[in-house]
Structure formats: structure tokens, C-alpha cells
Protein chains: 2
Amino acid sequence: MASQTEENYLKALFNLANPEGEINISDLAQQLEVSMPTANSMVKNLQKRGLVQYEKYKPVKLTSVGKKEAALIIRKHRLTEMFLVNKMGFGWEEVHEIAEQVEHIHSPKLFERMDEMMGFPTVDPHGSPIPDKQGRIQNLQLKSLIEANPGQEAVLSALADSSTEFLQYLNSRDLKLGTELKILSKEPFDQSMIVSYGSVEKETLSQKVCEKLLVKIFEAN
Amino acid sequence: MASQTEENYLKALFNLANPEGEINISDLAQQLEVSMPTANSMVKNLQKRGLVQYEKYKPVKLTSVGKKEAALIIRKHRLTEMFLVNKMGFGWEEVHEIAEQVEHIHSPKLFERMDEMMGFPTVDPHGSPIPDKQGRIQNLQLKSLIEANPGQEAVLSALADSSTEFLQYLNSRDLKLGTELKILSKEPFDQSMIVSYGSVEKETLSQKVCEKLLVKIFEAN
DNA sequence: ACAATTTGTTAGACTATTCTAACAAATAAT
DNA sequence: ATTATTTGTTAGAATAGTCTAACAAATTGT
């Protein structure tokens, strides 16, 4: 069984993988806040255990076994986040740290019970998909708000960044998953957007923010 | 901050302490399933950290700081057990293993929320008291059923053993916390007792079982 | 193409937690 | 009281995970 440390490496590898599934050792080291030699030696260890594919001076790739292990840890993380928000009344900005610890608990029963109590949710409080028990992840094909154009409408469906700071920014603007945004205009100079939603008539969202809002886009009717 | 391993040693020391608060290294080693030299070296480490009092060849004692740390871990354990039973529908025989892991989570918020959701319970599902936030433990002064005499009544209030096997034995006899037992007779030869309770007219409880049932005793009216 | 920079590797060391082997002290048993 | 047994200690080694220093390969920028 993977140690807590190994689990954290698997999760980081999963999250950092580029579209080809490759990860740099330096990115891995940075993500986990360890030195490069440390990351390097753990990658060798994971290779011995069949969880990653790796050759000297080449980027790392999770094997299918490694990918599944990682997805199952992420499943526990996201189920926990959802449980904390839906069943225990936490705010979406408070749950990451707790889930970071709970995800390492070995107890299929516990997570199945959470899943059941919530009616088998498919996304976590930040809109990220919850992998199924086989470690499969549904692909929602959401777009970044930046791709929407004036006149269109967009439903906020997930976030590309779940940091406390960003979540608090969203809280302060009353932006939640499910919020319907009308795109009023786009500023070509800095890529910022002016939108309206709910009782907010007019709000300017910077490029940085728009990039991190994942939406379903509709033609306004 | 104490590591998970150190936390487990503190908890074991707390639970093994005799009435004078003393613990043998061999008992500690056995409880934690480690060798004696391992337990010995960890005791020295805890001593350096001011959590135990210790001199060569003498029994170990928790300091007041160590005792408080231990009690706060036990608080998390028992709150978790209660939460799993009351809020998540687990059986009392299923929760120990899970709580054993959850107790190491660092998140005051999480445990305070559990406490709040349950209305600040004072005992866990096995009747053991839940230490308060200062690590203080209420002393219930319960007696073992073995001390009750024919003609008296006793309310099952806690257990001196919460092993899965014992809990399953109790489940099979429909014995729960709160069950009112009438003592019909005591067998002087083997210290077994014949009792009635609920819809059970007559049940024989061995000495071993009676010793582990902690009760409040009343004169029958 | 070659220097500068970034990225990755090796070697060697440290800490925490564990072990076994060997021995010493304390306790129990005759 | 002397031996036998149990309990506790020391020494020395192993593993997991981490580090720094030094070097090597790959990439970037003229």
C-alpha cells in the first residue's frame, strides 16, 4: 500500500500532467515543496513500484496503475470536500486543507457512506469532477469564460483554481457555481470582461479571473 | 507538534496508566506492537519533549502536559466515533478503526463542528467519556455489573472493553447502552449472573462479560 | 555555435522510527 | 538467598524521506 507521502506524489503527478501526461521533476518538486533530488529519488521509487514510467533526463509519466491510484485518492479528496460543504456546513474556501488530510484515510466504508449520504455527486464544491470507484473521470468539456463573447450567456460550472484567495474573491462578489453570467462587453486591450449576473448590474472581471472561471456557454435568447 | 507516532504513544500511555499513573515499558511495547527497545527509545524522546517523566528502570508517567495532549487526541477519537454512529449511521462495532485514523487530523474546526452538530455529547458510543476542550475528563464512577446483587437493577452505561468481538456479542444479545437489567441471581461458583432485560426473560452472563459491563446500580422499586 | 541558464542527477549526510542481539537490573520462585 | 524469569537497556543496523553540494545534461538566447 502506498504511504501518505507516495500518495501525495501521485496526486501531484496527476494534477501537473500536461496534455501528453508528462511532468517535469522540477515542477513536481516545486508543487510538493521539496528539493529536486528528493523528488527525483521518489520518482525512482514510484518507478520501482510500477506507478510511473521514467527514464533519466526525460519527463515522468504515470502508468495506468499509477493514474488509477491517483484518481482514487482524488476521489476521496473531492467526496470529502463535498461532504464538508453539504453535510457539515463548511464554506467552499475552508474544505481543502481538511480534505488534504482526510484523503489519506483507508476506509472504503467511510467514503462509500459519504457518497451515499450525498446521493452520489459527480462534482465537488468547486465544480471539479469526482472520479468514480474505478478511477474514471468524466470530461465535462467546460470552457474558460474568456472564450465567451458579448451577447452570450454563461453558467459558472467549475473553477480552474480553488485557492482560498480566489474562493474568497468569488464570495465577496457573490459568484457561486450555477451563477448565470451575461457577457456585456470584452475589453480588447486587457482582455477584461464586463458582465452582469443576479442582482449585480455590472461587474468587471480581469483576464486573470475570467481564465479561471469554467463555464457552459449559451447564445442568449 | 507531535507526530502521528508520538500521538499513538501518548494515547497508549494514557490508556495503560494504572491508578498511580504508571506504565511499564513492556506493556507499552505490547500495546503498540513494537519491540521493547523501540518503546524505550520513544519514551526517552517523549521525555526530552516534556511529555513524560522517566528514569531508567522505573515505570513511565505522563506529565500534566502529556496527559492533556493525550486527552485531546482521545477527545478527537471519541467525537469521531460518536459522529460516525449518530450522523453517518455506522454501527458501534465499526467505528474504532476509522476513528483511529481520523483522530490524527489537525483541524480544530472539523471537530468543533462535529461536536456542535451532535449537541456536545459527553460520552462516545461505548459510554466512554469525551474529554472537554481543556482535556478534562468527567469521572462517572460507574460500577462493574459484577458488583450488583440479586434484586437490584442496573442501567448499562458504558463498556470496559470496546473490541469488535465484544460489541458483536452485545449486538447478538440486543444489549445496548441504556438497557435496564434486572439481576435475578448470581452463581457463586463461577460468578456468572442471570438477568432479564427488555423482552429477554432470562439470560446468563459470564463473569468475563459482567466485568466489562459498566452500570449504574439501583435498588429495585 | 557557443555561452548562459535551467533542469536533472549523484553522492553523502541527517532524522524518525523501527529492528535484532547482547547484556543488565529487577522481580519471582524455589 | 540464590537461581530463574521477566523486564529494561545499549549498541548497532535498516528503511523512508528529507537535505546540501557538486556536477552533468538539456534548453535558451543571442
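To find a chain, count down the sequence lines: A is the first, B the second, and so on, and within it residues start at 1. Computed over heavy atoms, backbone and side chain alike; hydrogens, waters and symmetry mates excluded.
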>> Could you work out, with ring pair (Phe, Tyr, Trp, His ring centres under 6.0 Å) as the rule, every residue matching His104(A), not counting sequence neighbours?
In response: none
> Taking DNA chain C as the partner, which of residues 25-54 of chain A come within under 4.0 angstrom of it by heavy atom?
Replying inline: Ile25(A), Ser26(A), Met36(A), Pro37(A), Asn40(A), Lys44(A), Tyr54(A)
>> Under the salt bridge (charged side-chain N to carboxylate O under 4.0 Å, His left out) definition, can you give me all pairs with a residue in residues 84-94 of chain A, not counting sequence neighbours?
In response: Glu94(A)-Lys109(B)
>> Show every salt bridge (charged side-chain N to carboxylate O under 4.0 Å, His left out) that has at least one partner inside residues 50-62 of chain B, sequence neighbours left out.
In response: Glu55(B)-Lys58(B)
Could you go through residues 23-35 of chain B and list every donor-acceptor pair under 3.5 Å that involves a side-chain atom there, pairing it with any protein atom two or more places apart or in another chain?
| from | atom 1 | to | atom 2 | distance (Å) |
| --- | --- | --- | --- | --- |
| Ser35(B) | OG | Thr38(B) | N | 3.4 |
| Ser35(B) | OG | Thr38(B) | OG1 | 2.8 |

Can you name the residues that form a salt bridge (Lys or Arg N to Asp or Glu O under 4.0 Å) with [X], not counting sequence neighbours?
X: Lys68(B); answer: none
X: Glu187(B); answer: none
X: Glu22(B); answer: none
X: Glu103(A); answer: Lys11(A)

> Can you tell me if Ser157(A) uses its side chain to pair, donor with acceptor, with the backbone of Val215(A) under 3.5 Å?
Replying inline: no
> Does Gln47(B) reach the main-chain N or O of Tyr54(B) with its side chain, forming a donor-acceptor pair under 3.5 Å?
Replying inline: yes
Could you list, one pair per line, each protein nitrogen or oxygen that sits under 3.5 Å from a nitrogen or oxygen of nucleotides 4-6 of chain C, together with the distance?
none

> Between His126(B) and His96(B), is the ring centre distance below 6.0 Å?
Replying inline: no
> For Asp115(B), which of Lys133(B), Arg78(B), Arg75(B) qualifies under salt bridge (Lys or Arg N to Asp or Glu O under 4.0 Å)?
Replying inline: Arg75(B)
>> For DNA chain D, which residues of residues 9-19 of chain B approach it to below 4.0 angstrom with any heavy atom?
In response: none
> Are any of Ser3(A)'s side-chain N or O atoms less than 4.0 Å away from OP1 or OP2 of dG17(D)?
Replying inline: yes
Show me the protein contacts with nucleotides 25-28 of chain C, counting only N or O atoms at under 3.5 Å.
none

